[in-house]
Every structure is written in C-alpha cells, then in structure tokens.
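What's counted below: heavy atoms across the whole structure, side chains too, no hydrogens, waters or symmetry copies.
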Amino acid sequence: MKHQNQTVGYNLTASKFQWDIAPGKTITAWGFNNQIPAPALKGKVGDTMVIRVKNDLEEPTTIHWHGLRIPSSMDGTGVVQEPIKPGETFEYRFQLPDAGTFWFHSHVNETVQMERGMYGALIVEDPAEQVITDAEKIFMIDDMKLDAKNRFTKPGWLFPRIKERHDGRQGNTLLINGKENPMINVHAGQRERWRFINSSSARYFYLYIGGKPFQIIGTDGGLLESPITVNKILLTPGERIDVIAGPFKEGENILIESLAYNRMTFLKSKRQAFATVQVGKERSSITNIPEKLRKIEPLAQQDAPVTRKIKFSVGPSLKNGMNFLINNKVHVDDKPVKAGELQIWEISNTSLMDHPFHLHGEFFQVIEENGKAPGYRAWKDTYNLIPGSTIKIAWMPDNRLGMWMYHCHILEHHEAGMMANFEVIDGSKDDNQHSHHVHRH
Ligand code: C2O
Ligand code: CU
Ligand code: CU
C-alpha cells in the first residue's frame, strides 16, 4: 500500500510556565505548549510538516530541527533566519525525507532556553518498515541544575563559572520526559521499541537497563543494517538511539540507569537512576525484528583522501578562563563545500575532554576512528570525539544550498566558541563566487 503524502500541521507556543517535575516539586520552565518535553511531532516519510511557532517568551527564539535534512532556510540558526521576536509567529515548513528519531530545540541562547525545557521529539515513520513491536515509547533524557527551592541556579563567580563552562551544565535533577523518577509500565512477555533522545545540555547518558541485554536497531539517521545486542550504550548530548527492550518477567522492577562515564570533567561521573520499569501482567507478543533491517551503502572507503581537517581543542582565555576552539579559533566561518562533492573530513580532538561533534542538516558515516574502521555502518549527525582521538567522516552535500553549521553539542562549549558556519554552494560555480561572510552563532 502506497502512503499518500499529507500535510501535517502543528502549533507550538513558546512560553514560561509552572511545571511539576515530581509531586510537589515545581519549576518555572520555558517550553512549548506548557509541557516538557513539547508534544511529540509525528509524520510519515514524504509528508510535509507545517509548524507555526508563536513566541510568548520575553526574549527571541528559533527552532532547530536536529537531524532533519531540510532546506537551509528552515534550519533555525541565526545565520538563516531572523530570531522570532516576543509576540511574533514564524512558520516552519518542510518535507520529511527520512524515517527516524529526531528532535527539535531552541537555537537561541540555548544554555538557558534548552536547560529550561525548550525541546521535543520529532518522529518520522516509514510505512514500509518491517520492524513490528508491541509498543513504542519515546524517552527524552535531560537533567536540570536547581537550587534547594527548585530554581535554576546561575553559575556563580569565578570557579563555579569556569567549571560550568568547562564541564557543561550538569545538574542532579534527572529527568525522563520532563519527570523525575517516572514509572514506566510494560507487560511481561512483550518487546517494545524505545526511542532515546539525549536532550541534556552536557550529560553523557550511558544507558543501562538493569544489566539486561537489549537490541540497538537505529541511530541518529534511522535503522542500522542489522540489530546489535548490547547491555549498555553511550548516548551523548544530541544523539538518538532506537532499542528493542524486553521481554521482561511479571513483577520485575528494573531501573533505567546511566552508568558512570568519565568525560574528564571536574564533576565526577557516577551511576544514577532515571526511571523504574514496572513489569505487569503477561501478554502475548507480535514483535518481529528482521535480521536485515536495511542496506546502508558505504559512502567512501576508509582510505578515501581527506578533503578537510578540523581540530577541536581548548585554549586559555583571559576573560573566561578558557576558550573552546575549532582550528584554534572561536565562532568560525569555515570554507564552503560544493553540492555533489564527496566530503571526507578528518576531525581530531586534541583537548583532554570529550566533545560530541554535530553536523546540521546532513547525515555522515564514520569511516575511521583512530585508524580503525568502526564495527558497523550507521547514519549519524552527532558523534562523540574521545580525548586525543581522530575520526574520519564521509558525507555528501546535496542540492540544499545555503548556510549550515557544525558544533560541539555540549551547549556551553558551543556558546564558548566551538562552532563553525559554512555554506553549501552550487557545485557548477567556481570557488571565487561565494562571498557569504557571516559571524553569528
Ligand atoms: Cu541540536 Cu545546532 O543543534
Ligand atoms: Cu542539529
Ligand atoms: Cu565540547
């Protein structure tokens, strides 16, 4: 059966509101439609989504559609659109090119706006997909840094401020779908598809489901080639993963936890629980997970010649203690790329901490990490750079000309300079014709 392409309309209103993260624990949140996360937006491949965004905040905002291969003018960054001013409305409109687990978030003053709750999931389904599960859940991972009265703290003077800039903002209020310690109900004997999205400012979420094995079936850009069975997986800020969880036994109580992951921060990482899975009555299962999920054609071989080198590093700053650098500079204007010209980027991290590299509007394949080919092929838009590591990614700019960006998805690092804008230009024109120089973040 062929799916008839449809137009799906949504209204999102950004505002400040009171939100209960737990019974009796209320915060003053910023978000969409008075909830954290925003309502999940859903469509099918080929559908056109029209999202009217009204800004009822006291400051400007935009929305970035993380992972969606949409036109540059819809990307929601400061170089492609005027921020939506208080009281104004902007209409985002784009076709959904790929199935997968995506998300959206504000792309103005992110260290404040996203920390307070301005994000939501965007799920694109492919009616032809063969994966069948008994149920599906979306889990948006976040944390908030609150004081004893549940107010968002402001980083204090000097060391606390430098620490937050260095580590990224990480708090001890752990949230799944805007709630502290929620109960997740499942039926014994069933298997579910859980779509995890790490929407936190800086926290590395090292998923662990009571030690039970689960299958990874998808990453940022949709399905893998075949499922991979693991019992833990790291999800850095911005990344997504689709897993098949279960079957569990009736009466079981299982924690969804994050194991400790040392990303070389001042703050020591520890194992922490985010939610409890409560297993109810046994039910029959209709789950079908094919061994072959899809074919992912390789974009390039491991030894493909490098077309661009990018260095992530940290340097001293008189004003802020430290700067977060791309090729030794902050807030960079990088060279353009030509549509249709295969990109092989060598990205190195010479700093002593991890950085999740994110490319807007495109998927890439990691073809090498520290000299070795990765264990499996996947479409990614966010990939963790381990300290001292070098990766090679391949991606193909298509005809969506215009301004794009890449940056570290630890929001405080992005803000501190670890970002670059670049333009995708018409491949048939020569190099001198571009003149687009911008300096905004
Ligand atoms: Cu989700 Cu510019 O990022
Ligand atoms: Cu993005
Ligand atoms: Cu970083």
Find out whether [X] and [Y] are in side-chain contact, i.e. whether some heavy atom of one side chain is under 4.5 Å from a heavy atom of the other.
X: Glu59; Y: Pro86; result: no
X: Ile21; Y: Leu146; result: yes
X: Val79; Y: Met405; result: no
X: Ile123; Y: Phe102; result: no
X: Thr48; Y: Val8; result: no
X: Val332; Y: Asn327; result: no
X: Glu257; Y: Arg271; result: yes
X: Ile393; Y: Gln343; result: no

After noting the C-alpha distance and the side-chain angles of Arg203 and Asp142, does the key distance pass the salt bridge (charged side-chain N to carboxylate O under 4.0 Å, His left out) rule?
CA-CA 8 Å; Arg203 176 177 293 270; Asp142 191 11; over 6 Å; no
Looking only at non-hydrogen atoms, find the nearest pair between [X] and [Y] and report the distance.
X: Ala275; Y: Ile176; answer: CB-CD1, 3.9 Å
X: Ala339; Y: Leu401; answer: CB-CD2, 3.9 Å
X: Pro356; Y: Thr382; answer: CB-CG2, 4.1 Å

Is a donor on one side and an acceptor on the other found under 3.5 Å between the side chain of [X] and the backbone of [Y]?
X: Gln130; Y: Ala128; value: yes
X: Ser317; Y: Asn323; value: no
X: Lys54; Y: Ser15; value: no
X: Asp220; Y: Arg240; value: yes
X: Ser72; Y: Met403; value: yes
X: Asp381; Y: Phe363; value: no
X: Asn262; Y: Met264; value: yes
X: Glu115; Y: Leu411; value: no
X: Asp167; Y: Leu267; value: yes
X: Ser258; Y: Tyr206; value: yes

Kindly say whether the aromatic ring centers of [X] and [Y] come within a distance under 6.0 Å.
X: His360; Y: His66; answer: no
X: Tyr119; Y: His105; answer: no
X: Phe266; Y: His166; answer: yes
X: His107; Y: His407; answer: yes
X: Phe205; Y: Tyr261; answer: no
X: Tyr92; Y: Phe90; answer: yes

Does the side chain of [X] pick up a donor-acceptor pair with the side chain of [Y] at under 3.5 Å?
X: Gln272; Y: Asn172; answer: yes
X: Thr26; Y: Asp20; answer: yes
X: Gln170; Y: Arg263; answer: yes
X: His355; Y: His413; answer: yes

Salt bridge present between [X] and [Y] (N-O < 4.0 angstrom):
X: Glu412; Y: Arg169; answer: no
X: Glu239; Y: Lys380; answer: yes
X: Arg294; Y: Glu225; answer: no
X: Lys145; Y: Glu164; answer: yes
X: Lys16; Y: Asp56; answer: no
X: Asp334; Y: Arg308; answer: yes
X: Lys338; Y: Asp426; answer: no
X: Lys42; Y: Glu136; answer: no
X: Arg151; Y: Asp147; answer: yes
X: Asp126; Y: Lys44; answer: no
X: Arg400; Y: Asp398; answer: yes

Here's a test for you: under side-chain contact (heavy atoms from CB on, under 4.5 Å), which of Asn55, Thr89, Ile51 qualifies with Leu12?
Ile51
More than 12 heavy atoms of other residues, nucleotides or ligands under 6.0 Å from [atom1] of [X]: is that the case?
X: Lys372; atom1: NZ; value: no
X: Gln301; atom1: CD; value: no
X: Lys137; atom1: NZ; value: yes
X: Lys232; atom1: NZ; value: no
X: Gln18; atom1: CD; value: yes

Please test Asp242 against Trp194 for side-chain contact (heavy atoms from CB on, under 4.5 Å), starting from the C-alpha separation and ending with a verdict.
CA-CA 6 Å; Asp242 286 20; Trp194 290 353; over 6 Å; no
Is the NZ or CZ atom of Lys179 both under 6.0 Å from the centre of the six-membered ring of Trp19 and within 45° of that ring's axis?
yes
Test log, rule side-chain hydrogen bond (donor to acceptor under 3.5 Å, both in side chains), inputs Gln81 and Thr62:
CA-CA 8 Å; Gln81 83 169 95; Thr62 57; 5.0 Å; no
Criterion ring-ring contact (aromatic ring centres under 6.0 Å, His included) against Trp395, the qualifying member of Trp345, Tyr383, Trp404, Phe364
Trp345
Does the pair His358 and Tyr406 meet the rule for a side-chain contact (heavy atoms from CB on, under 4.5 Å), with working shown?
CA-CA 5 Å; His358 170 50; Tyr406 59 82; over 6 Å; no
If you apply the rule side-chain contact (heavy atoms from CB on, under 4.5 Å), what do you find for Tyr10 with Arg52, and how did you get there?
CA-CA 6 Å; Tyr10 286 102; Arg52 289 173 58 78; over 6 Å; no
What's the verdict on salt bridge (charged side-chain N to carboxylate O under 4.0 Å, His left out) for Arg193 and Glu129, showing C-alpha distance, side-chain angles and the deciding distance?
CA-CA 13 Å; Arg193 179 180 190 153; Glu129 200 179 277; 2.7 Å; yes
Before giving the answer on side-chain contact (heavy atoms from CB on, under 4.5 Å), spell out for Asn198 and Tyr204 the whole-Å C-alpha distance, their side-chain angles and the decisive distance to 0.1 Å.
CA-CA 8 Å; Asn198 188 344; Tyr204 277 42; 5.7 Å; no
